[in-house]
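Comments concern the structure below.
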Amino acid sequence: MSNDLVGVWEVALSDGVHRIEFEHGTTTGKRVICVDGKEILRRDWMFKLVGKETFSVGGANTKATINIDAVSGFAYEYTLEVNGKSLKKYMENRSKVTSTWVLNLDGTDCRVVLEKDTMDIWCNGQKMETAGEFVEDGTETHFTLGDHDCCVKAVSSGKRRDGIIHTLLVDATEIAECTE
């Protein structure tokens, strides 16, 4: 990255946290987008300095757009949208539709993400093979991480406002959920 770096964002998706970097050369018209350190878009000699650049992020090819707006004179504002929403709105919505746990298993950091709408479970960017079953008080979704038996329990909170409570158990030990 050069000294034209004007924006850096961290975006948490099911397959991991992705770092987006944007270079904007206002004298050369250059635009460069890097995702996780890899250049995915380069435009040189763009005479229009404002506008937007759309690209994909992550394994699910999530749509992202960087908006370039003139603020005053030669000052610019850069905003990131994910799936058509501002990054802030996207992350707020994401916290409603996913649960995330971060733990260390056998010396390896693991980031486990549950997509509540599909009940898909991801660990460190890999979609896990799962087996779901109905139990007396809700559902259990079983999977393994290395030699560890894991289970996501979904139980009604009994309160309409709180909805369903998802809990991760690793070798029958409850893991605390983290907020991203």
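Only this structure's heavy atoms are used, side chains among them; waters, hydrogens and symmetry mates stay out. Keep in mind that what you see is a predicted model, and the values were worked out from it rather than measured.
Remark: side-chain polar atoms of D137 are not paired, donor with acceptor, to backbone N or O of V155 under 3.5 angstrom. When atom types are taken as modelled, the side chain of S99 and the backbone of L114 share no donor-acceptor pair closer than 3.5 angstrom. With hydrogens and angles disregarded, no donor-acceptor distance shorter than 3.5 Å links the side chain of D109 to the backbone of N104.
Here the shortest heavy-atom pairing between E140 and V135 reads CD-CG1, 3.8 Å. Scanning both residues, M128 and C123, for their nearest heavy atoms gives SD-CB, 3.6 Å. Nearest heavy-atom pair, I165 versus S157, reported as atom, atom and distance to 0.1 Å: CD1-CB, 3.6 Å. When all heavy atoms of C34 and G37 are compared, the pair lying nearest together is CB-C, 4.4 Å. Heavy atoms only, all atoms of each residue included: G51 and R31 are closest at N-NH2, 4.2 Å. In this structure, A154 and I164 approach most closely via the heavy-atom pair CB-CG2, 3.8 Å.
Looking at R42, R43, M46 one by one, the single match for side-chain contact (heavy atoms from CB on, under 4.5 Å) with K30 turns out to be R42. Just one residue in the list L103, T167, V112, V152 forms a side-chain contact (heavy atoms from CB on, under 4.5 Å) with I175, and that residue is L103.
Between atom CD of residue Q126 and atom SG of residue C110 there is a gap of 12.0 Å, rounded to the nearest 0.5 Å. For the atom pair CG of D4 and OG1 of T26, the computed distance is 7.0 Å after rounding to the nearest 0.5 Å. Here the SG atom belonging to C151 is positioned 5.5 Å from the CG atom belonging to L169, to the nearest 0.5 angstrom.
In terms of hydrophobic clustering, with Ile, Leu, Val, Met, Phe, Trp and Tyr side chains grouped at heavy-atom distances under 4.5 Å, L49 and L80 are assigned to a common cluster. A single hydrophobic cluster is not seen to contain both L13 and M119; linkage of ILVMFWY side chains at heavy-atom distances under 4.5 Å, directly or through other members, places them apart. Transitive grouping of hydrophobic side chains (ILVMFWY, heavy atoms separated by less than 4.5 Å) brings V6 and V11 into a common cluster.
Using a 4.5 Å cut-off on side-chain heavy atoms (C-beta onward), K85 and N93 make contact. Side-chain contact between V32 and E39: present, with at least one pair of heavy atoms (C-beta onward) separated by less than 4.5 Å. No side-chain heavy atom of E174 sits under 4.5 Å from any side-chain heavy atom of L168. The closest side-chain heavy-atom distance from Y78 to D69 is not below 4.5 Å. The shortest distance between side-chain heavy atoms of L41 and F22 does not fall below 4.5 Å. In this structure, I121 and K127 have side chains that are not in contact, with every pair of non-hydrogen atoms separated by 4.5 Å or more. Side-chain contact between L105 and V170: present, with at least one pair of heavy atoms (C-beta onward) separated by less than 4.5 Å. E53 is listed as a side-chain neighbour of I33, based on a closest heavy-atom distance under 4.5 Å.
Applying the 6.0 Å contact sphere to CD of E133 captures more than 12 heavy atoms from other residues, nucleotides or ligands.
Side-chain atoms of T141 and T130 form no donor-acceptor pair, as typed in the model, at a separation below 3.5 Å. Residues H18 and E10 bring no donor and acceptor atom of their side chains to less than 3.5 Å of each other.
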*Show the numbers, then the answer: is there a side-chain contact (heavy atoms from CB on, under 4.5 Å) between I66 and W9?*
CA-CA 10 Å; I66 295 174; W9 299 272; 3.8 Å; yes
*Pair W101-V113, side-chain contact (heavy atoms from CB on, under 4.5 Å): steps then yes or no*: CA-CA 7 Å; W101 298 270; V113 178; over 6 Å; no
*asked:* One pair to check against side-chain contact (heavy atoms from CB on, under 4.5 Å): N67 and E81. What are the steps and the verdict?
replied: CA-CA 8 Å; N67 296 303; E81 291 179 357; 3.2 Å; yes
_side-chain contact (heavy atoms from CB on, under 4.5 Å), that's the test. Do R111 and T100 meet it? Break it down for me._
CA-CA 7 Å; R111 181 176 175 271; T100 304; 4.1 Å; yes
*Report the C-alpha separation of S14 and E115 in whole Å, then their side-chain angles, then the decisive distance to 0.1 Å, and conclude whether the side-chain hydrogen bond (donor to acceptor under 3.5 Å, both in side chains) test is met.*
CA-CA 8 Å; S14 295; E115 293 180 351; 2.5 Å; yes
Would you give me the side-chain donor-acceptor pairs under 3.5 Å for residues 143-150, sequence neighbours excluded?
unit_1 : atom_1 : unit_2 : atom_2 : d
H148   : ND1    : D171   : OD2    : 2.5
H148   : NE2    : D106   : OD1    : 3.2
H148   : NE2    : D106   : OD2    : 2.9

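Contact check on R94 versus E92 returns no salt bridge, with no Lys/Arg side-chain nitrogen under 4.0 Å from an Asp/Glu carboxylate oxygen.
For Y76, the ring-ring contact (aromatic ring centres under 6.0 Å, His included) criterion is met by H24, not counting sequence neighbours.
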